[in-house]
Undergrad: 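Dropping the structure in here first, questions after.
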Amino acid sequence: MKQNRSFRFNNAIVRAPSTSVTQGLRNDPNKTPEPELFRKQHEIYVTEIKRAGARIVQLPPVESFPDSVFVEDTAICFENTAIVLRPGAPSRFGEAELIEPTLEEHFAHVLNIEGSGHIDGGDVLLSDDHAYIGLSARTNQSGLDALAVILKEHDYTPVQVKIPDDILHFKTECGLLDSSTIFATGKLAALDCFPGYQIIEVPMGEEAAANIVRYNDVVFISAGFPLSLALLRDAGYQVIPIDTSEPAKIDGGLSCMSLRF
Ligand code: CIR
């Protein structure tokens, strides 16, 4: 096992939100993010990750890709390797190509998945030795299989999880707290997909708090979830809440807005 490779990082790639975030994909058409507030929340997010130890690779907004602020969906990063993914939503296909030159600059090895399958980074949860991959509306079997082949070569054991239809991405409802502990909603925990891990269950009614980011010593959680905040602090984690009201309107959260390595 490669100790702590799942949350000990030095860098983060982020992309500023475009004004076109108003056109981002979303489940609820009645919600529209306010671009200026989104930009401010993103700036705070970047500042906090920096304080947690990240050297920030800041990319400019791209108006033609309304969801391109969610860089996590375009690649998987660990140690000196990046794997370029194939996002599953047609309006996001081009985002992988967009990020590739940046990955080439920062990683010794940049790999592409074989075949024509689709996979979003939001469906991949890496622990130190497991790669949980959700089958979702965005990630299909051939995308999952192609990624699994590469991850096996890098000492990850791939675990396939069919996620319930009403969940966008696997990590919409879970996140890694440390090498052996996962924060997960009751719905995901009920799938019994994390044998050997300790599960801290997201308090009922606060399911939207599940998408956390562990970056070095800090756990970032979306603001507005007092039960989750208290639960994680009581469990001994250093937790910092960050306001994500605007990304949440287009189904994005904390993990989606950075590639950590
Ligand atoms: C989308 O539907 O693709 C975006 N509006 C939200 C992507 C969120 N990404 C993530 O959970 N990894």
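Just follow the structure's listing: the first ligand is 1, and inside any ligand the first atom is 1. Counting begins at 1 with the first residue of the sequence.
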Undergrad: Salt bridge between Asp217 and Arg8, side-chain N to carboxylate O under 4.0 Å?
TA: yes

Undergrad: What is the nearest protein non-hydrogen atom to atom 2 (O) of ligand 1, stated with its residue, atom name and distance?
TA: Arg138 NH2, 2.8 Å

Undergrad: Which atoms of ligand 1 sit under 4.0 Å from any heavy atom of Gly122?
TA: 12 (N)

Undergrad: Within ligand 1, which atoms have a heavy atom of Ile250 less than 4.0 Å away?
TA: 4 (C), 5 (N), 6 (C)

Undergrad: Phe70 versus ligand 1: do any nitrogen or oxygen atoms come within less than 3.5 Å of each other?
TA: no

Undergrad: Does Asp128 offer a backbone N or O that forms a donor-acceptor pair with the side chain of Arg5 under 3.5 Å?
TA: yes

Undergrad: Does an N or O from Thr172, backbone or side chain, lie closer than 3.5 Å to an N or O of ligand 1?
TA: no

Undergrad: When you measure from atom 10 (C) of ligand 1 to every protein heavy atom, which one gives the shortest distance, and what is it?
TA: Cys256 SG, 2.9 Å

Undergrad: Using distance alone, decide if ligand 1 has a nitrogen or oxygen within less than 3.5 Å of any nitrogen or oxygen in Asp67.
TA: yes

Undergrad: Would you say Asp120 and ligand 1 have an N/O pair spaced under 3.5 Å apart?
TA: no

Undergrad: Is the shortest side-chain N to carboxylate O distance from Lys249 to Glu246 below 4.0 Å?
TA: yes

Undergrad: What pairs meet the salt bridge (Lys or Arg N to Asp or Glu O under 4.0 Å) rule with one or both residues in residues 143-153, with sequence neighbours excluded?
TA: none

Undergrad: May I ask you to identify the nearest protein heavy atom to atom 9 (N) of ligand 1, giving residue, atom name and distance to one decimal place in Å?
TA: Asp73 OD2, 2.8 Å

Undergrad: Could you tell me which atoms of ligand 1, counted from 1 in the order shown, lie closer than 4.0 angstrom to a heavy atom of Glu72?
TA: 12 (N)

Undergrad: Quick check: does Arg26 get an N/O under 3.5 Å from an N/O on ligand 1?
TA: no

Undergrad: Does Ala184 have any side-chain contact (heavy atoms from CB on, under 4.5 Å) partners at least two apart in sequence or in another chain, and if so, which?
TA: Cys174, Ile182, Leu188, Phe194, Ile199

Undergrad: About how many Å separate CD of Gln58 and CD1 of Ile13, when rounded to the nearest 0.5 Å?
TA: 11.5 Å

Undergrad: Would you indicate whether the side-chain heavy atoms of Glu48 and Leu254 approach each other to under 4.5 Å?
TA: no

Undergrad: For atom 8 (C) of ligand 1, state which one of Asp251, Leu25, Thr74 supplies the nearest heavy atom.
TA: Asp251

Undergrad: Before accepting this row, confirm whether a basic side-chain N of the pair Lys187/Asp166 lies closer than 4.0 Å to the acidic partner's carboxylate O.
TA: yes

